[in-house]
Amino acid sequence: MNIFEHHLKEIQNLILTKNDILKLEKIENLDKINLEVPPEQFNFDLSCNIAMILGKSNKLNPKKLAEKLRELFLDQIKNFSNVEVAGPGFLNIKLSKSALKENINSILKNNENYGSNKTNETYNIEFVSANPTGPMHVGHCRGAIYGDVLANLLTFNGNKVVKEYYINDYGSQIKNFVESVYFRILEIKFKKPFPKKDNLYPGLYIKDIAVKILNKNDNLDIKDFEKNFEYLKKKSLEESMQLIKNDLKLLGIKHDNFFSETEIVNKDLVSKAINNLKKKKYVEKGFLQPPKGEKNDNWKKVERLIFKSTLFGDDSDRALQKNDGSWTYFANDVAYHMDKVNRGYNNLVNILGADHTGYIKRITAAVSALSEKKIKLNCKVCQLVKLFKNGEPFKMSKRAGDFISAQDLLSEVDKDPIRFMMLNRSNDVEIDFDFDKVKEKTKDNPVFYVQYAYARINSLLGALNTSLVKKIEINEIDFNLNEMEEKIIRKVFEWPKIIESASRKFDLHKIPFYLYELSTLFHAYWSKGNEDKRYKFIENQKIKRKEILAIINLVAIVIKNGMRILDVSLPKKM
RNA sequence: GCGCUCUUAGCUCAGCUGGAUAGAGCAUCGGUUUUCUAAACCGAGGGUCGGAGGUUCGAAUCCUCCAGAGCGCGCCA
């Protein structure tokens, strides 16, 4: 339990048991009462909106009610040493020394678990799922890191998480891909020029794949494409998945489960899923309207099976069969998601790129239909990554073969700054990713700045000949914090709230932002000694006050826990 | 034409289950080092929260409309 919840309960209990003093007509909306961090200029530990909530229900002036509550708090809650009314009726609260001491000791004791709220759910997170027709590009990296860190965060918060990758190894794109490999093999073995056809992948990585396949099987009789198709498909996919897994590994990402689309088709899971929906009358034969966007030559008015996704909020119903009666990509995906539903997760999550936004409504509709609205698929979209280098923006296009690959990125920048920077922005906004900025070793680079704070802590401990492993506890009855230390403590108290809100809305950027803010306070604390000797930490090789040791331990604990979720390293020396 | 996302300081962005004087970083200008890492710190200026209405004690935050930017809108995957 975090300190906000803890003290909020105290307040709620007080209201319920002491209304003979308050004499309120209505005690309601207690769940709307919030305990928050007050704005810095107020110099209090907690801030409560209770007077505004109860004032509204009872039609009382919130400021007057706040005055009454202030007296009640001071009289009844021993953990509060000072309470003041501010603004429209906020109650600003200072914790007593014993309450502070208790909270601090509890954090020191919790250590690597500090911040976890123990929510205890199960999640399946599908992410990356890049087409296995080539290596990952930079855009994939963002979704990959987002998914990985979301999994870390939810795990840290007490949940069971499965990280999953859906391999789109079926359909016409794969055929084109295999054909491209085939022509590259002909090129290598018989000097036959690679044809200039629109459906082929011109990228040079295809050549690498061809070489690898040839090296592993020199006697390959390659004359007939149709005859060799299944073999070539298998080998080509193995190679390109290896490329992708390698990129993921370099980014520090490992999925728990790889699920193949071909397998879904082979096991005929699609018919099962469609029959399931037919029984519920969500799938019927029918005709669809022509597409509204650009003109499409493929469109034909043919009767086919249709999923009535408009019943679940989609803009139009969706085709499950192509002109020739075979299943669409969407139909396969419905089957895949039925499998996920049947596996019994409480929560399904898909991380998508911005170009798949239009797909969200139909697939969430499918999950609602399959689970009778019991399971909600939560789709998160990561917006584009715009690359900059020397002021020149890069363009990405997988078809053209001139995209910036994950490898290109990783060859210039380490995984740690990539991970941090990709998350240092809300997933809803585009990122300007600057190669040069990310490599800087200055405070302009937030990754460095946070790492440096941690390195400074270790350097201080080194000077004291001690380490973070050694557990400490505040036992003194009386201890005094200076202004800077109070600020840091308050920030540290906020950590579980950050975890809670980041988990609830999948707002991962809150973690790097928070770590940066905490590091700012720490650097200021550290530097204070430069201006004023009284703020120096060490005197005659000894720590001046035990409070200092407690503070730096708290900061270290939170930075470690935060960076562990981000999976960004923390060097002890820099 | 439709859907999703965005519009907050010169630039890049936080803040959005409604609350206190709207915050950071960069850039600009000015300071700080005989002492634990100056790879850092401190200070200053800078805002009609895209526009217009509405809801209410209170709106950057919720609702409606409008404008601009991006992504998408096949029975491709």
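Predicted, not measured: the structure shown is a model, and the values here were computed from it. In the text below, chain A, chain B and the rest are named by the order of the sequence lines, each starting its count at 1.
Counting only heavy atoms from C-beta on, A:S527 has its side chain closest to B:rA40 among B:rA38, B:rA40, B:rU5. Of the candidate nucleotides B:rC36, B:rA39, B:rC4, B:rA39 has the atom lying nearest to any side-chain atom of A:Y452. Comparing atom distances between the A:H523 side chain and each of B:rC41, B:rG70, B:rU17 picks out B:rC41 as nearest. Comparing B:rC4, B:rA14, B:rC6 against the side chain of A:T357 picks out B:rC4 as the nearest. Out of B:rG70, B:rU37, B:rC36, the shortest distance to the side chain of A:F537 is found at B:rC36. Taking the side chain of A:D432 as heavy atoms from C-beta on, and the options B:rC42, B:rA40, B:rU12, the nearest nucleotide is B:rU12. Nearest to the side-chain atoms of A:P38 among the listed nucleotides B:rA77, B:rG3, B:rA20 stands B:rA20. Side-chain atoms of A:L460 lie closest to B:rC36 of the nucleotides B:rC36, B:rC13, B:rA24. Residue A:D315 has its side chain nearest to B:rG3 when only B:rC41, B:rG19, B:rG3 are considered. Side chain of A:W526, nearest nucleotide from B:rU37, B:rA27, B:rG19: B:rU37.
Following rounding to the nearest Å, A:D507 (CG) and B:rU17 (P) show an atom-to-atom distance of 11 Å. Between the C1' atom of B:rA20 and the CE atom of A:M52 lies a distance of 8 Å, rounded to the nearest Å. Atom NZ of A:K528 is separated from atom P of B:rA38 by 16 Å (rounded to the nearest Å). Put simply, CG on A:D324 is 13 Å from C1' on B:rC76, counting in whole angstrom units. For the pair A:K322 NZ and B:rC76 P, the interatomic distance rounds to 5 Å; values are reported in whole Å. Look at NZ on A:K441: it is 17 Å from C1' on B:rA38, rounded to the nearest Å. Rounded to an integer number of Å, the gap from A:K491 NZ to B:rA14 P is 16 Å. Regarding A:R142, its CZ atom lies at a distance of 11 Å from the C1' atom of B:rU5, rounded to whole Å.
For A:Y165 and A:F259, the gap between ring centers reaches or exceeds 6.0 Å.
The phosphate of B:rC73 (OP1 or OP2) has no side-chain N or O of A:H356 nearer than 4.0 angstrom. At B:rU5, none of the side-chain N or O atoms of A:K380 fall inside 4.0 Å of OP1 or OP2 (strictly under the cut-off). Residue A:R456 places no side-chain N or O under 4.0 Å from the OP1 or OP2 atom of B:rC41. The side chain of A:Y535 contributes no N or O atom lying less than 4.0 Å from OP1 or OP2 of B:rU35. Residue A:K443 has a polar side-chain atom (N or O) positioned under 4.0 Å from OP1 or OP2 of B:rC41.
Residue A:D297 is the one, among A:D297 and A:N168, whose nearest nucleotide of RNA chain B lies closer to the 5' end (criterion: closest heavy atom). Each of A:V429 and A:I360 lies near RNA chain B, and the nucleotide nearest A:I360 is the one positioned closer to the 5' end.
Relative orientation of the A:F312 and A:Y282 rings is perpendicular, given thresholds of 30° and 60° on the angle between their planes.
The residue A:E440 sits apart from the nucleic acid: no heavy atom pair falls under 4.0 Å. Residue contacts for A:Y170: at a heavy-atom cut-off of 4.0 Å it reaches the sugar-phosphate backbone alone, with no base atom in range. Residue contacts shown for A:K56 include a base, since a base heavy atom lies under 4.0 Å away. Using a 4.0 Å heavy-atom cutoff across all strands shown, A:A524 reaches sugar-phosphate atoms only and no base atom. Residue contacts for A:E517: at a heavy-atom cut-off of 4.0 Å it reaches no nucleic acid atom on any strand shown. Nucleic acid contact for A:N92: base, since at least one base atom lies under 4.0 Å from a heavy atom of the residue. Residue contacts shown for A:P39 include a base, since a base heavy atom lies under 4.0 Å away. A:F330 comes within 4.0 angstrom of nothing in the nucleic acid, heavy atoms only. Nucleic acid contact for A:F513: sugar-phosphate only, since backbone atoms but no base atoms lie under 4.0 Å from a heavy atom of the residue. Contacts of A:F42 with the nucleic acid, taken as non-hydrogen atoms under 4.0 Å apart, include base atoms. Among the atoms of the strands shown, none is found under 4.0 Å from any heavy atom of A:R318. Contact annotation for A:S172: backbone-only contact, meaning every heavy-atom pair under 4.0 Å involves sugar-phosphate atoms and none involves a base.
The pair A:K340-A:E164 does not count as a salt bridge, with every side-chain nitrogen at least 4.0 angstrom from each carboxylate oxygen. Salt bridge annotation for A:E67-A:R70: present, with a cationic side-chain nitrogen under 4.0 angstrom from a carboxylate oxygen.
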(request) Please lay out, stage by stage, how A:N131 and A:Q173 fare under the test side chain to side chain donor-acceptor pair (under 3.5 Å). (result) CA-CA 9 Å; A:N131 277 337; A:Q173 281 189 22; 3.0 Å; yes

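For the C1' atom pair drawn from B:rG50 and B:rG68, the interatomic distance equals 8 Å after rounding to whole Å. For the C1' atom pair drawn from B:rG10 and B:rA52, the interatomic distance equals 27 Å after rounding to whole Å. Here the separation of B:rU12 from B:rG70, taken at their P atoms, is 14 Å to the nearest Å.
The two atoms that bring A:I559 and A:A453 nearest to each other are CD1-CB, 4.1 Å, heavy atoms only.
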(message) Dot-bracket for RNA chain B, please. Rules: Watson-Crick or G-U, both distances under 3.5 Å, ( ) within the strand, [ ] when a pair crosses earlier ones, | for another strand, . otherwise.
(response) (((((((..((((.........)))).(((((.......))))).....(((((.......))))))))))))....

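Applying the side-chain hydrogen bond (donor to acceptor under 3.5 Å, both in side chains) test to A:R142 and every residue at least two apart in sequence or in another chain returns nothing. A:E84 pairs by the side-chain hydrogen bond (donor to acceptor under 3.5 Å, both in side chains) definition with nothing, not counting sequence neighbours.
Between the side chain of A:N332 and the base of B:rA77 there is no donor-acceptor pair of N/O atoms closer than 3.5 Å. No hydrogens or angles were tested; on distance alone, a donor-acceptor pair under 3.5 Å links the side chain of A:S47 to the base of B:rA20.
By the neighbour-count criterion of 12 heavy atoms within 6.0 Å, atom NZ of A:K441 is sparsely surrounded, having that number or fewer from other residues, nucleotides or ligands.
In this structure, A:T364 contributes its side chain and A:K376 its backbone to no donor-acceptor pair below 3.5 Å.
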